[in-house]
Amino acid sequence: MSRLLLAFALLFSFCASAQDTIKIGLVTALSGQSARAGEAITRGLQVAIDELNARGGALGKKFELVRRDDEATPAKGVIAARELLFREKVTVLFGGLDTPVSIAIVPIMNEAKVPFMGPWAAGTPITKNGSKDNYVFRVSAVDEIVDKAMLQYAERTFKAKNCGMILVNNPWGESNEKGLTAALSAKGLKAAGIEKFEGNDVDVVPQLTRLKSAGADCLFLVGNVGPSAQVVKSLDRMGWKPPIVSHWGPAGGRFTELAGPSAKDVHFIQTYSFFGKQSPVGAKVMKALMAKYPDIKGPGDITPAVGVANAYDAMMLTALAIQAAGKLDGTAIRDGYYKIGKYDGLIKTYSKPFTPEVHDAVNENDYVWTQFIDNQIIPVGMKK
């Protein structure tokens, strides 16, 4: 009988312990070509959680990170999200490295009334998803804003007048086609041409040849690591060297390895860089990363930096939302995001970052233009 009582006591102790943590779920690519980005998001979240837990967590509970690999596949992302939501009972779900994965998860979260925080995927429809009861937030780039910045950068930096689009053929590419077309139209311009490629294409020469024939004097590139690398290699085979102004897909993994020497010619957008003079928050996060992860010796080892920075700030803002909610209830936490006032973050100082109408905390003033130099992501024009 005493053994039975002991077993019940241990079970009760385990359950009580499980309830003493606030579970934060993460669904992202942890394997494949974008695994480096998934690891960066993990590190940003974990460093933030460590800092929060050292201060006592929130609502008297410590935070706990529980993650799953979506393998950059929407179907697997949905399975992972459901497991974290219904089996692990996460309080907030982070995730969606890939826009198609995020878009697949959005309806599940809105129906379950549990906040879904995006630290990477930039597709405009993720947060602007049409749901009357919207539980999706983001601390990351947003396509329709990035697209305006891409056009401005091409005009300012390369004096481009007739840019063509080369886009991955999926919802992320569609989101940027719409955004880039709108940005061009607002200035009375049209694209030299719009070409698509599949995620597994190894030769994009036909599409690029059509853009060259149309007189494109720069290329707007949207694609993740592997397909973006194939675009660069196809340009090398053609001997064509137009300026390439890219979304941030190349930052997500082994781009320099896959694209070869011309990887450095791609200029792409980021939300943060650990190079250069850091704010007090930046210095604090850098120190924490170097202490926790032995492979980080300096800013060049924090790659991609946006994964770390977006996830860190998103976690800190989430903790503020939970504290403002006063309880671990999805709707209360959703409304808690709206109650956040000022927060001195890593990317910037946030002031009322979320409202019922605006669920994106990062805007066009928060971007940094970068390129690969010696396999490190460096702000354009900055010397290492």
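Residue numbers count from 1 along this sequence. For clarity, every value in this text was computed on a predicted model and none was experimentally measured.
Comment: D366 engages K348 in a salt bridge, judged by a side-chain N to carboxylate O separation of less than 4.0 angstrom. Using a cut-off of 4.0 Å between Lys/Arg side-chain N and Asp/Glu carboxylate O, K178 and E144 are scored as not salt-bridged. Electrostatic pairing of R237 and D203 counts as a salt bridge here, judged by a charged N lying under 4.0 Å from a carboxylate O. Between E88 and R82 there is no salt bridge, since no side-chain nitrogen of the basic residue lies less than 4.0 Å from a carboxylate oxygen of the acidic one. A salt bridge does not link D217 to K161: none of the charged nitrogens lies less than 4.0 Å from a carboxylate oxygen. Using a 4.0 Å cut-off between charged side-chain N and carboxylate O, R334 and D329 make no salt bridge. The pair E364-K148 does not count as a salt bridge, with every side-chain nitrogen at least 4.0 angstrom from each carboxylate oxygen. At a threshold of 4.0 Å, the pair D20-K62 does not count as salt-bridged, since none of the basic side-chain nitrogens sits closer than that to a carboxylate oxygen. Between K23 and E64 there is no salt bridge, since none of the side-chain N atoms of the basic residue sits less than 4.0 Å from a carboxylate O of the acidic one.
S185 contributes no side-chain N or O that, together with a main-chain N or O of T181, makes up a donor-acceptor pair within less than 3.5 Å. Between the side chain of R138 and the backbone N or O of A121 there is at least one donor-acceptor pair closer than 3.5 Å. The main-chain N or O of W248 is never found under 3.5 Å from a side-chain atom of S246 such that the two would form a donor-acceptor pair. The backbone N or O of N365 sits less than 3.5 Å from a side-chain atom of N363, completing a donor-acceptor pair. Side-chain atoms of S279 come within 3.5 Å of backbone N or O of G282 as a donor-acceptor pair. The backbone N or O of E71 lies less than 3.5 Å from a partner atom in the side chain of T73, making a donor-acceptor pair. For S228 (side chain) and G223 (main-chain N/O), a donor-acceptor pair under 3.5 Å exists by modelled atom type. T209 contributes a side-chain N or O that, together with a main-chain N or O of V205, makes up a donor-acceptor pair within less than 3.5 Å. Side-chain atoms of S140 never come within 3.5 Å of backbone atoms of A122 as a donor-acceptor pair (strictly under, hydrogens ignored). At least one donor-acceptor pair closer than 3.5 Å links the side chain of D301 to the backbone N or O of G298.
Side-chain atoms of R36 and T303 form no donor-acceptor pair, as typed in the model, at a separation below 3.5 Å. A donor-acceptor contact closer than 3.5 angstrom links the side chains of Q46 and D50. With hydrogens and angles left out, the side-chain atoms of Y350 and D344 include no donor and acceptor closer than 3.5 Å. Under 3.5 Å, the side chains of S34 and D98 contain no donor-acceptor pair of N or O atoms.
Summarising the geometry of D236 relative to S262, their closest heavy-atom pair is OD1-OG, 2.8 Å, with the distance given to 0.1 Å. Contact detail for A305 and F274: the closest heavy-atom pair is CB-CD1, 3.7 Å. Annotation for P227 and F197: closest pair CB-CE1, 3.2 Å, computed over non-hydrogen atoms. Across all their heavy atoms, A251 and I377 have their closest contact at CB-CD1, 3.8 Å. Among all heavy-atom pairs drawn from V106 and N129, the shortest one is CG1-ND2, 3.6 Å. Contact record, A160 with E155: O-CG, 3.8 Å, taken as the closest heavy-atom pair.
For F137 and Y337, the gap between ring centers is short of 6.0 Å. Taking the six-membered ring for Trp and the full ring otherwise, the centers of H359 and Y135 sit at least 6.0 Å from each other.
Here the CD1 atom belonging to I194 is positioned 12.5 Å from the CZ atom belonging to R210, to the nearest 0.5 angstrom. The CG atom of L26 lies 6.5 Å from the CD1 atom of I41; values are rounded to the nearest 0.5 Å. Distance check: L180 CG to D147 CG gives 3.5 Å after rounding to the nearest 0.5 Å. Rounded to the nearest 0.5 Å, atoms CG (N310) and CG (L346) are 9.0 Å apart. How far CG of D295 is from CD1 of I302: 10.0 Å, rounded to the nearest 0.5 Å. Residue L189 holds its CG atom at 9.0 Å from CG of N162, rounded to the nearest 0.5 Å.
Between D201 and Q230 there is no side-chain heavy-atom pair separated by less than 4.5 Å. Within the 4.5 Å cutoff, the side chain of V27 has no heavy atoms near those of the K76 side chain. Put simply, the side chain of Q152 reaches to within 4.5 Å of the side chain of K187, judged on heavy atoms. Under the 4.5 Å side-chain criterion, counting only non-hydrogen atoms from C-beta, I22 is in contact with I322. Contact annotation: the side chain of L328 approaches that of K61 to within less than 4.5 Å [non-hydrogen atoms, C-beta and beyond]. Counting heavy atoms from C-beta outward, F94 and R67 have side chains that stay 4.5 Å or more apart. A 4.5 Å side-chain heavy-atom check between I244 and L235 finds at least one atom pair inside the cut-off. Side-chain atoms of V47 and Y293, non-hydrogen and from C-beta on, do get closer than 4.5 Å to each other.
More than 12 heavy-atom neighbours from other residues, nucleotides or ligands sit within 6.0 angstrom of NZ on K241. Within a 6.0 Å sphere centred on NZ of K128, heavy atoms belonging to other residues, nucleotides or ligands number 12 at most. Residue R55 places its CZ atom among more than 12 non-hydrogen atoms of other residues, nucleotides or ligands, all under 6.0 Å distant. The local environment of CD in E111 is sparse, with at most 12 non-hydrogen atoms from other residues, nucleotides or ligands closer than 6.0 Å.
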>> Show, in sequence, the C-alpha distance, side-chain angles and deciding distance for W369 and V245, and conclude whether the side chain to side chain contact (heavy atoms under 4.5 Å, CB included) test is met.
In response: CA-CA 9 Å; W369 284 96; V245 178; 3.5 Å; yes
>> Using side chain to side chain contact (heavy atoms under 4.5 Å, CB included), reason through L93 and M117 one step at a time and then give a plain yes or no.
In response: CA-CA 6 Å; L93 180 66; M117 172 58 78; over 6 Å; no
> Can T28 and D69 be said to form a side chain to side chain donor-acceptor pair (under 3.5 Å), step by step?
Replying inline: CA-CA 5 Å; T28 189; D69 185 4; over 6 Å; no
>> Please evaluate residues V139 and L317 with respect to the criterion side chain to side chain contact (heavy atoms under 4.5 Å, CB included), reporting the C-alpha separation (whole Å), side-chain torsions for both, the decisive distance (0.1 Å), and the verdict.
In response: CA-CA 9 Å; V139 178; L317 292 169; 3.9 Å; yes
>> The test is side chain to side chain contact (heavy atoms under 4.5 Å, CB included); show your working for N200 and V202 and say whether it passes.
In response: CA-CA 6 Å; N200 58 357; V202 294; over 6 Å; no
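Note on V101 and I79: separate hydrophobic clusters, where clusters join Ile, Leu, Val, Met, Phe, Trp and Tyr whose side-chain heavy atoms are under 4.5 Å apart, directly or indirectly. Residues V380 and L151 are members of one and the same hydrophobic cluster, defined by side-chain heavy-atom contacts under 4.5 angstrom among Ile, Leu, Val, Met, Phe, Trp and Tyr. Note on M315: it does not cluster hydrophobically with V66, by side-chain heavy-atom contacts below 4.5 Å among ILVMFWY residues. F86 and F116 fall within a single hydrophobic cluster, where Ile, Leu, Val, Met, Phe, Trp and Tyr are joined by side-chain heavy atoms under 4.5 Å apart, directly or via other members. Clustering ILVMFWY residues whenever any of their side-chain heavy atoms sit less than 4.5 angstrom apart, transitively, puts Y343 in the very cluster that holds I24.
A ring pair (Phe, Tyr, Trp, His ring centres under 6.0 Å) with H247 is found for exactly one of F268, Y153, W120, W172, namely W172.
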